[in-house]
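Below is one structure, written out as structure tokens, with a few remarks after it.
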Amino acid sequence: MSFFGKLFGKKEKEDLDKGLEKTKDNFFNKLSRAVAGKASVDEEVLDNLEELLISSDVGLDTTVKIIERIEGRVARDKYLGAEELNFILRDEIVQLLSENNTVSLSGYETPSDVKPFILLVVGVNGVGKTTTIGKLAHQFTKMGKKVVLGAGDTFRAAAVDQLKIWSERVGCDFYSKGMNTDPAAVAYETVNYAIANNCDIAIIDTAGRLHTKTGLMQELSKIKRSVSKRLETAPHEVLLVLDATTGQNAIEQAKHFTEATDVSALALTKLDGTAKGGVAIGISDQFKIPIKYIGVGEGIDQLQPFDKQTFVETLFEQ
Amino acid sequence: MFQNLSDRLESALKVVKGENKLTEINVATSIKEIRRALVDADVNYKIAKDFTDRVKDKALGSENVLKAVSPGQLMVKIVSDELTDLMGGQAAGLNLTGNPTVILIAGLQGSGKTTFSGKLAHWLKTTKKKNPVLVACDVYRPAAMDQLTVVAEQVGAKIYKEPENKNPVQIALKGIQFAQENKCDVVIVDTAGRLAVDEEMMKEIADIKNAILPQETLFVVDSMTGQDAVNTAQAFNETINFDGVVLTKLDGDTRGGAALSVKYTVGKPIKFVSSGEKMDTLDVFYPDRMAQRILGMGDILSFVEKAQNQFDEKLAKDLERKIMRNKFDYNDFMAQINQIKKMGDLKSLMGMVPGMSKITQDLEIDDKAFVKVEAIIQSMTPKERANPDLLNMSRKTRIAKGCGRTLNDVNLFIKQFEEMSKMMHKMSKMPGFSGGGGQMPGGRSRFGKR
């Protein structure tokens, strides 16, 4: 049974099963092993727990936090049964994920009173921004929304073509000024296009950039400003795309992108490639930005809204 | 971000007061810190544990050997040596004996295969005088072939592609044929990104490999990869038994612990490191430098090497003498700027200095920043440049007019300059300023008090 298999409805689950059947033990199995044969939580159990959390990419800071809380509890209660550990851990994770419970839009809903809804997509190189945009556009279009994609990645070779192919595949509008043009201008014009053509949603792609490159991060701020220039309330969402296979650097990425563009939501891609959903916990703890979407496969339908309730339940299901 | 390991160890070792050598107790404390530092750097947890056990044995065995060094320094040295050892001794080369040589590129989605393929073609052309052809075997991702085409154009390499063909094995084979017909001596086969858990796609890459029998199979890994790097590397290795690893996106601020995980798990050499999006940013891998980066000690060796390549030795010596005597003036500053400009991207340079990566992170540095400063200095008279103390209000006003800046700008710059020269002077007196891990160009330590 895979870690993510239970995250989704029947249909979605079937979609996934094939890709996921190879993923290793789920979190709970590992946890059971960590406490196997133990009557109470001792040093060894905590060590095993630390290993479990860290190797699930939860991250050191968050892991230490969880361990310390459990240690505190052991010290207070003098005795803590191994099976209780399960509940406490679940408790902690639910808490961590709930702290950023700011948005509770189900599925792909966007606020009905905002039109056009402007979505700016940002992230480092190779995390899957364009693919995420394609999949989102597909979902929105399926819901009967009129969507336009703005080709704001004017830098990477053939990025504009890639987005154009997606727009054709999905059957939505496409706006581009070509390669090597000013991305801020493309963003501005995309908003313009969306307003003029009565679009419900405009999704603006941007070039991948490492968060350490100040100049490029400033460019991103500029893109955002130029969107606001055309439509004051926009962008209504800044979506940071993170690669789930990324390690602790994801935290740094989130930090710097938030500084540059006020990231309002996260998309976690390539979750099917890893048995480590733990990164979702770490990021939630370090950043109070909600995870909105998770990418669980290459198929056009395999971008799912993230539901933390199901997520935690899956984590601890036997 | 995270503290660097040396700091961590120093504080961990202070826990046991009065200890001036490594003992069972203080080693145990520091072992935990080392393990956490490694995990922070994305080294796989199990590997970190294994590794620290080895370090522990070494540390306890080395008791009393080096009484002069502080236990903290000794510990860092042991860790750094062990890590370097683990990362592999010599930088491994490419096997280019084939006729034509076939190089297969594989990896996860978004790891940077296509960009690396372009860089490799450029590297082969410029340093090995080869005539490479790029073969586009990513038949899945939209516009992947177009991307490779553009990249090929950028580096002036040939490209082989078949937009209508959905069979990568066929394309690869025909690509080799194309190379033979067109007198290309190296064939770089770029493939689609795939997840290690995707059985079908893994079979495809195995099929490609079996069909084209490459001399080199390179596995491309994003240096930001987390704990899963081990599983991915293992799965790819089992399927295609690759010959070497390529680490990409090292221009970010990741410590790159994935490099260690991969090396440790599959034992294959890391052949290239790649940073930046320009086509000439491919480097051969140096284990010791990577070790220091993982430990958060800064890439001082790369820095020094870069500096040595560009730095005028004599100038640097003069400068150092001046710093020591607190005689740093605007002429030196100007010379410094020119030196630095020759060395390339300032921020990445600063990041290589131990302890600096944290500072530069939040610092706004770009090369244009110098324009203002240069204008101000150029508006000074030669006398003023040589005697920073000379600058009074009337002179400052004149300078401001001369460079078209406000008096405020000029004042601000002068203040910064003064602070900087103070700091440099202070640093120059710090023990280990030019000793320790790397030598600053022309560096000598401690001159004593003036």
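All chains are named by letter (A, B, ...) in the order of the sequence lines, taking the proteins before the strands, and each is independently numbered beginning at 1.
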- Based on non-hydrogen pairs under 4.5 Å, which of V39(B), D42(B), V151(B) is most in contact with chain A? D42(B)
- Query: Out of A229(B), S111(B), G118(B), A143(B), which one racks up the most heavy-atom pairs below 4.5 Å with chain A?
  - Reply: A143(B)
- Query: Under 6.0 Å from the NZ atom of K164(A), do we count more than 12 heavy atoms belonging to anything else shown?
  - Reply: no
- Query: Where on V64(A) is there a heavy atom nearer than 4.5 Å to chain B: the side chain, the backbone, both, or neither?
  - Reply: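 Looking at V64(A), just its side chain touches chain B.
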- Item | Check: R141(B)/Q109(B) side-chain N/O donor and acceptor closer than 3.5 Å |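 The answer is no; no qualifying pair exists.
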- Under 3.5 Å side-chain donor-acceptor pair for Y140(B) and E204(B):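 The criterion, which ignores hydrogens and geometry beyond distance, is satisfied for E204(B) and Y140(B).
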- Message: Just to verify, which of T281(B), D280(B), T248(B) counts as forming a side-chain hydrogen bond (donor to acceptor under 3.5 Å, both in side chains) with K119(B)?
- Response: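 One option only clears the test, and that one is T281(B).
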